[in-house]
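Data block below; observations after.
Note that the structure is a prediction, hence the values are computed from the model and not measured. Chain identifiers are assigned alphabetically (A, B, ...) following the order of the sequence lines, protein sequences preceding nucleic acid strands; residue numbering begins at 1 within each chain.
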Amino acid sequence: MNLNHLNLQQREAVQNINGPMMILAGAGSGKTRTLVSRISYLLEEKNISPFQLLALTFSNKAAKEMRDRIGREVSCDVGALQITTFHAFCAKMLRTEAQYLGLSKSFTIYDGSESKAVVKTILQRRGISQKDVSPFEVLYFIEDLKNHGHYPDRNMEGKDYTVDTADMFFDMYLDYERELHKANALDFGGLITAVIQLFEKFPDVLLRYQERFHYLLVDEYQDTNRAQFDLVTKLAQIKRNICVVGDEDQSIYSWRGADIRNILDFEEVYNDARILKLEQNYRSSKNIIEAAGAVISRNTQRKGKDMWTDNPEGESIEIVECHSDKEEAEFVATQIRELSKDKHPYDEMAVFYRTNSQSRLIEDALRKANIPYRVVGGIKFYERKEIKDLLAYVRIVVNDKDSLAISRIINVPARGIGATSLRKIEDEAVKTESTMWEVLQNIVDNPEEYKHIRLTTRVKSSLSHFVQFIHDAKVAMNKGDSPSDIYEKLLHESGYYEMLRASKDYESMARIENLEELGNAISQFEEANPKLGLLEFMETITLDTSVKGEEGEEDSGEVSLMTIHGAKGLEFFYVFVTGTEENVFPSYRSLESGEEAIEEERRLFYVAMTRAMKILYITFSQGRMLFGQLKFNGPSRFISEIPNKYYRWKKIGGGYQDRSSNFDSDDDSKWDNFSDPIYDEPVYRVESSPSKKPESKYQKGLRIVHGLYGEGKILDCEGPKGDERVTIQFKDGAKKKFMAKFAPLTVL
DNA sequence: TCGACGATCGTTTTT
DNA sequence: CGATCGTCGA
């Protein structure tokens, strides 16, 4: 096998197949190429059976790419190769081993919104108002436990994680787990912890898998959480051929439980581990790589890599300062136009932002400029209400214990079964320890015995119809009707289609189209997998949330818009990083929560920078509408962390001095709302008081004039010289806070 | 049961 | 600003 296309380190990563190894693969270092070669090498040179390999990734996209590329390189049967996501791997194993854990093979997988719904019902049942305890908080607590590999009776000794069983939330967690078990369901985290449980309670099962997988590979290792680490460690225990690949500088999911310690402590866990660094970047210009390197070097939580490149120096980074968010978007559009005039195709360009809500203005500007674009991410197809509704019907048919699905659609479309009736049915289910489906069946089949559930005749007759058509669909499924036939049946007999057709508004029409699209998806699935049924279809879509795939999305001739999180793993010739302002990027939340969070934001910034191959534009705006208010946040600290020599700074429109007049002529209605920043607390606490600060020109008590508010007095001033935040009391009594260098202030 | 209306409160989201 | 949620009245 020819490995000449690889550099020295890459080759070592390929050929060093035995024992634990961690590959620290920097951005653009040819990671996928290396991994693909490694697997090919194992298969072709070392004659390892595909059956004995396991490669775990985080996204379906990554798994698919790797599989495709290996398929092209290798002649042996790739079909048996396990290259899959953590979650899909676990789901598959749990379906085969379901009986051990008292699950049925047909368990459903709950996504985040369904988990949240379960938490809500638990809170309700306990009579806790959502105002007092937000379901989100509870869910976060539960996820945190699961991220650390906890399951209800797990002994966490020696796990470096303490569980407070006295916490009221812990009780709710137990409730939650019971609820899911009753529904024959698992959430995302539960897929992982259930496998850990399986391994710990049934060592013989574990042994089977340990002996099967001779070679383990974990991609995006920096994003693993403790549970996943546990799982992999267990699997690798006997053969010890575990290769993990990651980049601590691209760890941007710690808020989702990714534990950077998995990387930082790898050598402690495997003391004979080999550590390899892939530090040559093949993607970006020298300017970009060195600038990004300078920024990330400020982080303390790293193993430390020094990326370098043989690529040419390239263009300077463009830092672009705009007046308003609108103007920023217009700049992006104009610049894209320019690039396009120079014959650069649109699909080589991407616009990044920190939060999804920022896409709106960019979209407006691009649309106005007639630039084709697509928004990557955002509202996903399978998260749309109508899709979730129909899928809830499907879920009931597949797994009638799924009471959550029943509650979701029992009155959609309206059947006159309101909250009160639903409550009665749920109560009965809890009381008799049965599922809602059983209760419904009983009410319909033995109305006499169930008279104590006081339901109106109208409700009873609706229920009867509901039970009947679900039952029919189940029968159809069992006798082998095709998934798409069953889907059509549900769509029409539920009355859902009719409900949408009846209301003729634009929105309903779009929904009908989506439901037809769902039908197509099912038909396609059916054709591709004739042996599989609705259950498997459901699993694919809950575990693969990729956006409704239009064919040929690769070279679409469109500019890509996405959050930076969504951009990880991608590359573009021309990249715009927008909204690079304090409180936006880094986000105000991270600023509030301290240095670790800021380091993660810095990694995010690093990821953004290193997506660019040729030209990197970093834009920010002096003023920005946030939560309906105009804010002056000032440029992001990350901009100041880029050494001067790598960038050119460009101001769009006028300078600071004539700002207020510019503002006035810009868009009057908008600036009418001009008001103080909402983040009144000092966000800069962290670095606000070095021992000797140079004298600020904004002293307390000083009288000033503000371009818009008029005359006032400085009440307080904090922050270093040149970067002060001043609190000013105006003549009308209003107190407002500004960043001095951006506010139109004149000292009197 | 269901809609309308006002209060509230805002990241990121591979699975 | 805008989505989401809870309350209230018909």
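Within the structure, a side-chain polar atom (N or O) of A/N356 is placed less than 4.0 Å from OP1 or OP2 of B/dT13. A sub-4.0 Å separation between OP1 or OP2 of B/dT15 and a side-chain N or O of A/N225 is absent. Residue A/T563 places at least one side-chain N or O under 4.0 Å from the OP1 or OP2 atom of B/dT13. Phosphate contact (OP1/OP2 of B/dT13, side-chain N/O of A/K568, threshold under 4.0 Å): absent.
Nearer to the 5' terminus of DNA chain B, by closest-nucleotide assignment, is the contact made by A/L422 (compared with the other of A/T542 and A/L422). Ranked by how close their nearest DNA chain B nucleotide is to the 5' end, A/R354 and A/K61 are led by A/R354.
Nucleic acid contact for A/A62: none, since no nucleic acid atom lies under 4.0 Å from a heavy atom of the residue. Across all strands, A/K146 comes closer than 4.0 Å to no nucleic acid atom at all (heavy-atom distances). A/I192 comes within 4.0 angstrom of no nucleic acid atom, judged by non-hydrogen atoms across all strands. When heavy atoms are screened at a 4.0 angstrom cut-off, A/G189 is found touching no nucleic acid atom at all. Using a 4.0 Å heavy-atom distance criterion, A/T57 is classed as making no nucleic acid contact. Residue contacts for A/D111: at a heavy-atom cut-off of 4.0 Å it reaches no nucleic acid atom on any strand shown.
Candidate nucleotides B/dT11, B/dT15, B/dC2 were compared by shortest atom distance to the side chain of A/N411, and B/dC2 ranks first. For A/L543, taking side-chain heavy atoms from C-beta onward, the closest of the listed nucleotides B/dT15, C/dC5, B/dT11 is B/dT15. Among the nucleotides B/dT12, B/dT15, B/dC2, the one closest to any side-chain atom of A/H87 is B/dT15. Nearest to the side-chain atoms of A/K116 among the listed nucleotides C/dG2, B/dT11, C/dC5 stands C/dC5.
With both pairing distances under 3.5 Å, B/dT11 is matched to nothing as a Watson-Crick or G-U wobble pair.
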So A/D364 and A/K368, salt bridge (Lys or Arg N to Asp or Glu O under 4.0 Å) or not? Walk me through it.
CA-CA 6 Å; A/D364 287 348; A/K368 217 182 274 175; over 6 Å; no
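The distance between the ring centers of A/F86 and A/F58 falls below 6.0 angstrom.
Although no hydrogens or angles enter the test, the distance criterion places a donor-acceptor pair under 3.5 Å between the side chain of A/N411 and the main chain of A/R415. No donor-acceptor pair closer than 3.5 Å links the side chain of A/E248 to the backbone N or O of A/I260.
Taking the six-membered ring where the residue is Trp, A/F229 and A/Y221 present tilted rings, their angle falling between 30° and 60°.
The aromatic ring of A/Y253 is not stacked on the base of B/dT12, since the criterion of ring centres less than 5.5 Å apart with planes inclined by under 30° is not met.
Using a 4.0 Å cut-off between charged side-chain N and carboxylate O, A/K568 and A/D223 make a salt bridge.
On a pure distance criterion of 3.5 Å, no polar donor-acceptor pair joins the side chain of A/R589 and the base of B/dT11. Side-chain atoms of A/R256 come within donor-acceptor range of the base of B/dT15, with a qualifying N/O pair under 3.5 Å.
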Taking only N/O atoms, report every protein-nucleotides 6-10 of chain C pair under 3.5 Å with atom names and distance.
unit_1 : atom_1 : unit_2 : atom_2 : d
C/dG6  : OP1    : A/Q130 : OE1    : 3.2
C/dG6  : OP1    : A/Q130 : NE2    : 3.3

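Using a 4.5 Å heavy-atom cutoff, the side chains of A/Y588 and A/E582 are not in contact. Between A/D187 and A/K146, the closest side-chain pair of non-hydrogen atoms falls below 4.5 Å.
Atom CG in A/D544 sits roughly 10 Å away from atom C1' in B/dT15 (whole-Å rounding).
Nucleotides C/dC5 and B/dT12, compared at atom C1', are 23 Å apart to the nearest Å. Distance check on atom C1': B/dT14 versus C/dA3 gives 25 Å, rounded to whole Å.
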